There are 2 protein chains.
Amino acid sequence: MKRRDYGQYCGLARALDLVGERWALLIVRDLTIRPRRYTDLQAGLPGIPTNVLSTRLKELEQAGVVERRVAPAPQRGVVYALTPVGQDLEPVLLALGRWGSSQLGDPRPGDVISPDAAVLNMRANFQPAEAAGVTGSWEIHVGDLVAYAVLTDGEFESGIGPAPGKPDLVMTARLGADDVPSYRAFVKAAKSGKVDLVGPRELLDTFLRVFTVPKAA
Amino acid sequence: MKRRDYGQYCGLARALDLVGERWALLIVRDLTIRPRRYTDLQAGLPGIPTNVLSTRLKELEQAGVVERRVAPAPQRGVVYALTPVGQDLEPVLLALGRWGSSQLGDPRPGDVISPDAAVLNMRANFQPAEAAGVTGSWEIHVGDLVAYAVLTDGEFESGIGPAPGKPDLVMTARLGADDVPSYRAFVKAAKSGKVDLVGPRELLDTFLRVFTVPKAA
DNA sequence: CTGCATCCCCTCAGATACTG
DNA sequence: CAGTATCTGAGGGGATGCAG
């Protein structure tokens, strides 16, 4: 299998050789949330041709970024997961995601908003400095989307779906009719008080402090 | 001009829409070092077809990443430079560069090593914590490549060519016959003492502390 | 000499259909 | 569920042409 490459001895060029092909980093994005099956990835990447997904998975596997596992008895089937090398891509995803977010205006009609994107966005907004020593758990509801964040003495974990265990604060955004259920929309709603809370109110401020980027001066 | 896009309301997807096309980030890489002319870019990106370079520059311009300037009297001609938005991509380049470097083995025959790659690599290795309060200037020679780094009370600047002003320390790597003149090769040489110095020896240790990533335990 | 535009070829993305 | 097979067309790779 001849892979075309940039032919430069350069970290950036090598990175692009490995994960620069179309769709590759979006596949990695979905896998950072949790391991997925083939059809999960298809569903999370609207518009990806099945042959491209198939090809990318093979390439990423060969690159040592993705691991193909045959799941054991209970559910059985094929599951794709990130290798440690693939997990090391998270800073890249966050850097790209932050930059892209700053270039992201209002959603255009037809834009899909996936739960994975929302969780990535929350992670990209995470402020480790503000989180130092903080413990707590939050559950986020925006439209159909449910996600959670758990802080254990500053250690951050997040994912799609209801929080594992009982969350300290459940937050449900009250969206306008036209609002798309994104992490952005949630934060916007939360900041303007358009959010229903189940739990202590102070934890909302904590959340906003730890999980949003402060406005530049 | 209809640009295909991922159709996701997601920072990462948007970033890839804007700078995810082939060659785009390598063009940005070269422009982070300094503004360039069309032919400079061609020379720095061996293998890029001229029509692709032309197309990318237009796309990047439209994306607000690159600015096309018509240089005034002295040299006259067209110069491409990064806009502030484009400069904000530096964390992305560094993150990708770091990851890619970790996946970068020995240079393969035919691999080109460009000065831009070397400077990006030095920047990616920069340790702000170690640099706090440090002032000094270094000039690096590896094969034909000359680059410099200047620290002014922790503020970091770097580029291709001889240092502006008289450098505190000039370092020239003694390469083996097979060694490719990369930043990596320089660091390797410097760490093993295979480097000729003009200036105080302690500054070499300072350099290695500030401009290399410490080995993980 | 710089700064592209044009042409041709061919790979690869995109879409759909189909199979173990 | 997890892909493979097949077709089409856009766009990358490479060479060349040409105006300012």
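Heavy atoms only: backbone and side chains are in, while hydrogens, waters and symmetry mates are out. Residue numbers start from 1 in every chain, and the chains themselves are labelled A, B, ... in the order their sequence lines are given, proteins ahead of strands. It should be emphasised that the depicted structure is a prediction, and the values quoted were computed from it without experimental measurement.
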Q: Just checking Q127(A): does its CD atom have more than 12 heavy atoms from other residues, nucleotides or ligands closer to it than 6.0 angstrom?
A: yes
Q: Among pairs that include at least one residue of residues 181-190 of chain B, which meet side-chain hydrogen bond (donor to acceptor under 3.5 Å, both in side chains), considering only residues two or more places apart or in two chains?
A: none
Q: So which nucleotide from dG14(C), dT2(C), dG3(D) ends up closest to the side chain of W23(A)?
A: dG14(C)
Q: In this structure, how many angstroms lie between the P atom of dA2(D) and the CZ atom of R36(A), rounded?
A: 13 Å
Q: So if I take the C1' atoms of five pairs at each end of the helix from dC1(C)-dG20(D) to dG20(C)-dC1(D) and get each local axis, what angle do the two axes make, rounded to 10 degrees?
A: 40°
Q: Whether the Y38(B) and T50(B) side chains hold a donor-acceptor pair (N or O, under 3.5 Å, no angle test) is what I'd like checked.
A: yes
Q: Does K58(B) place a side-chain N or O at less than 4.0 Å from the phosphate oxygens OP1/OP2 of dA5(C)?
A: yes
Q: Do F126(A) and L151(A) come close enough that some side-chain heavy atom pair is under 4.5 Å?
A: yes
Q: Which nucleotide, dC1(D), dG3(D), dA5(C), lies nearest any side-chain atom of R37(A)?
A: dC1(D)
Q: With the side chain of R4(B) defined as its heavy atoms from C-beta on, choose the nearest nucleotide among dA5(C), dG3(C), dG14(C).
A: dG14(C)
Q: Taking CD from E21(A) and C1' from dG11(D), how many angstroms apart are they, rounded to a whole number?
A: 13 Å
Q: In terms of side-chain heavy atoms of Y80(B), which of dA2(D), dT2(C), dC4(C) is nearest?
A: dC4(C)
Q: Starting at atom CG of L26(A), determine the distance to atom C1' of dG14(C), rounded to an integer number of angstrom.
A: 16 Å
Q: Can you give me the N/O atom pairs linking the protein to nucleotides 14-16 of chain D at distances under 3.5 Å, or say none if there are none?
A:
{"from": "dG14(D)", "atom 1": "O6", "to": "N51(B)", "atom 2": "ND2", "distance (Å)": "3.1"}

Q: Please table the atom pairs, donor to acceptor, closer than 3.5 Å between any side-chain atom in residues 135-143 of chain A and protein atoms at least two apart or in another chain.
A:
{"from": "T135(A)", "atom 1": "OG1", "to": "D153(A)", "atom 2": "N", "distance (Å)": "2.8"}
{"from": "S137(A)", "atom 1": "OG", "to": "D168(A)", "atom 2": "N", "distance (Å)": "3.0"}
{"from": "W138(A)", "atom 1": "NE1", "to": "L203(A)", "atom 2": "O", "distance (Å)": "3.0"}
{"from": "E139(A)", "atom 1": "OE1", "to": "A163(A)", "atom 2": "N", "distance (Å)": "2.9"}
{"from": "E139(A)", "atom 1": "OE2", "to": "H141(A)", "atom 2": "NE2", "distance (Å)": "2.8"}

Q: Answer yes or no: is there a side-chain heavy-atom contact under 4.5 Å between W99(B) and V85(A)?
A: yes
Q: Rounded to whole Å, please give me the gap between CG in L53(A) and P in dC12(C).
A: 17 Å
Q: Does the side chain of V92(A) reach to within under 4.5 Å of the side chain of V28(A), using non-hydrogen atoms?
A: no
Q: Measure from CD on E59(B) to C1' on dG12(D) and round the result to the nearest Å.
A: 12 Å
Q: For D116(A), what residues pass the salt bridge (charged side-chain N to carboxylate O under 4.0 Å, His left out) criterion, not counting sequence neighbours?
A: R36(A)
Q: Looking at R68(B), I'd like to know whether one of its side-chain N or O atoms comes within less than 4.0 Å of OP1 or OP2 on dG3(C).
A: no
Q: Over how many whole Å does the gap from L41(B) atom CG to dC1(C) atom P extend?
A: 18 Å
Q: Considering only side-chain heavy atoms of S54(B), which listed nucleotide, dC4(C), dA13(C), dA2(D), is closest?
A: dC4(C)
Q: Closest heavy-atom contact between R34(A) and I160(A)?
A: NH2-CB, 3.6 Å
Q: Drop me the distance from L31(B)'s CG to L26(B)'s CG, to the nearest 0.5 angstrom.
A: 11.0 Å
Q: Take atom CD in E155(B); do more than 12 heavy atoms of anything else shown fall under 6.0 Å from it?
A: no
Q: Nearest whole Å is fine: how far is dG11(D) C1' from R56(B) CZ?
A: 8 Å
Q: Pick the nucleotide of DNA chain D nearest each of Y6(A) and V79(A); which residue has the one closer to the 5' end?
A: V79(A)
Q: Can you tabulate the close N/O pairs, meaning under 3.5 Å, that link protein atoms to atoms of nucleotides 18-20 of chain D?
A:
none

Q: Just by distance, do the side chain of Y9(A) and the backbone of G110(B) share a donor-acceptor pair under 3.5 Å?
A: no
Q: Check the distance between dA2(D)'s C1' and D40(A)'s CG and give it to me in whole angstrom.
A: 12 Å
